[in-house]
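None of the values given here were measured: they were computed from a predicted structure. In what follows, every chain begins at residue 1, and chains take the letters A, B, ... in the order their sequences are listed.
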2 protein chains.
Amino acid sequence: MYGVGMATTKSIPLSNRPLTDTHAEVLADVFAALADPVRLRLFDLVRRAGDTGVCSCDLVEPLERSQPTISHHLKVLREAGLVESRREGTWLWYSVIPGALQSTSTFVQR
Amino acid sequence: MYGVGMATTKSIPLSNRPLTDTHAEVLADVFAALADPVRLRLFDLVRRAGDTGVCSCDLVEPLERSQPTISHHLKVLREAGLVESRREGTWLWYSVIPGALQSTSTFVQR
DNA sequence: CAAGTAATTAGATAATCGTCAATATATCCA
DNA sequence: TGGATATATTGACGATTATCTAATTACTTG
């Protein structure tokens, strides 16, 4: 029965426990994806595009980097779970994965 | 007079402008400081210590790194403007600089 | 001042990263 | 099927990074 004669665990609430090594590694991976100015601007542009997303062909010019470089950075953002792409014929449309920054937001906040 | 016959600038609100390169670089530097699991746990421990701060001598053991390595990481956090240290005799006490994560929090949020 | 402890700096190494040119793959359309 | 365009991969490069040991500096206290 719950709460009757039960030995309490006295476990520390989640928020009071220090960051575990594995949690820190997961978080660090996301921060690493954001730790480059080109990728930040890339992510910003994708986010601004909303649900519709943005064609990656429109990301090369404003960032003044070569096409392979943009492709590389998009891959990093994708592998970090921050953005996703859907194919529309010849083009790829990128959009932000909802809630992708949840964990980092929680960490950074307070 | 304000608002009377004034030529409107039609300038785009700050939040509607894409990230500038310089702003992106500043942000990326903070994210880079957080892009390492050891530094994340370090920052977490310092933050938990509140205003009192924590002696760096107490940070070596829980992170299982050599003392110079911890010193190096603390320097990175310091140079990123995330933490500060005050000397207390032989020891250095580290604490979080209030509002240090303001900009990153704003970026990450929404 | 001298001894002891805390912290930084120096130097080295292996690994990762950002970038580009060149090449390859994928998709559309005639 | 073949040409055109969009995107990804490869391979190379210089630069940066995380880590260690060893040596140095800073501070306290006897």
N/O-N/O pairs, protein side and nucleotides 2-6 of chain D side, under 3.5 Å:
unit_1, atom_1, unit_2, atom_2, d
D/dA6, O3', A/Thr90, O, 3.4

Are there any protein N/O atoms within less than 3.5 Å of an N/O atom in nucleotides 17-21 of chain D, and if so, which ones and at what distance?
unit_1, atom_1, unit_2, atom_2, d
D/dA18, OP1, B/Arg39, NH1, 3.4
D/dA18, OP1, B/Arg39, NH2, 2.9
D/dA18, OP2, B/Arg39, NH1, 3.3
D/dT19, OP1, B/Arg65, NE, 3.1
D/dT19, OP2, B/His73, NE2, 2.3
D/dC20, OP2, B/Ser66, N, 3.2
D/dC20, OP2, B/Ser66, OG, 3.1
D/dC20, OP2, B/Thr69, OG1, 2.6

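- Judged as a side-chain hydrogen bond (donor to acceptor under 3.5 Å, both in side chains), the pairs with a partner in residues 92-103 of chain B (not counting sequence neighbours) are, in order, B/Arg78-B/Tyr94.
- The line from CG of B/Leu34 to OG1 of A/Thr104 is 10.0 Å long, rounded to the nearest 0.5 Å.
- Of the possible polar contacts, one joining the A/Asp44 side chain to the B/Leu19 backbone as a donor-acceptor pair under 3.5 Å is found.
- Atoms CD and CG, from A/Glu25 and A/Asp21 in turn, are 4.5 Å apart once rounded to the nearest 0.5 Å.
- Protein atom OH of B/Tyr94 is 11 Å distant from nucleotide atom C1' of C/dA6, rounded to whole Å.
- Counting only distance, with no hydrogens or angles, the side chain of A/Arg39 and the backbone of A/Ala33 share a donor-acceptor pair below 3.5 Å.
- If you find the closest nucleotide of DNA chain C to B/Leu74 and to A/Gly89, the one lying nearer the 5' end belongs to B/Leu74.
- One interatomic measurement links the two molecules: CZ of B/Arg78 to P of C/dA7, which rounds to 11 Å at whole-angstrom precision.
- For the pair B/Lys75 and C/dT9, the criterion of a side-chain N or O lying under 4.0 Å from OP1 or OP2 is met.
- Counting to the nearest Å, the C1' atom of D/dT7 and the CG atom of A/Leu42 are 14 Å from each other.
- Atom CD in B/Glu79 sits roughly 14 Å away from atom P in D/dT16 (whole-Å rounding).
- In this structure, the separation between CG on B/Leu27 and OG1 on B/Thr20 is 9.0 Å, given to the nearest 0.5 Å.
- For the OP1/OP2 pair of C/dT25 and a distance below 4.0 Å, the side-chain nitrogens and oxygens of A/Arg87 include no atom meeting the criterion.
- Rounded to whole Å, the distance from CG on B/Leu77 to C1' on C/dT8 is 16 Å.
- Annotation: cation-pi geometry not satisfied between A/Arg48 and A/Phe43 (NZ/CZ under 6.0 angstrom from ring centroid, within 45° of ring axis).
- Rounding to the nearest 0.5 angstrom, the gap separating the CD atom in A/Glu64 from the CD1 atom in A/Ile70 is 10.0 Å.
- Between the CZ atom of B/Arg86 and the P atom of D/dC27 there is a distance of 16 Å, rounded to whole Å.
- Salt bridge annotation for B/Arg86-B/Glu88: present, with a cationic side-chain nitrogen under 4.0 angstrom from a carboxylate oxygen.
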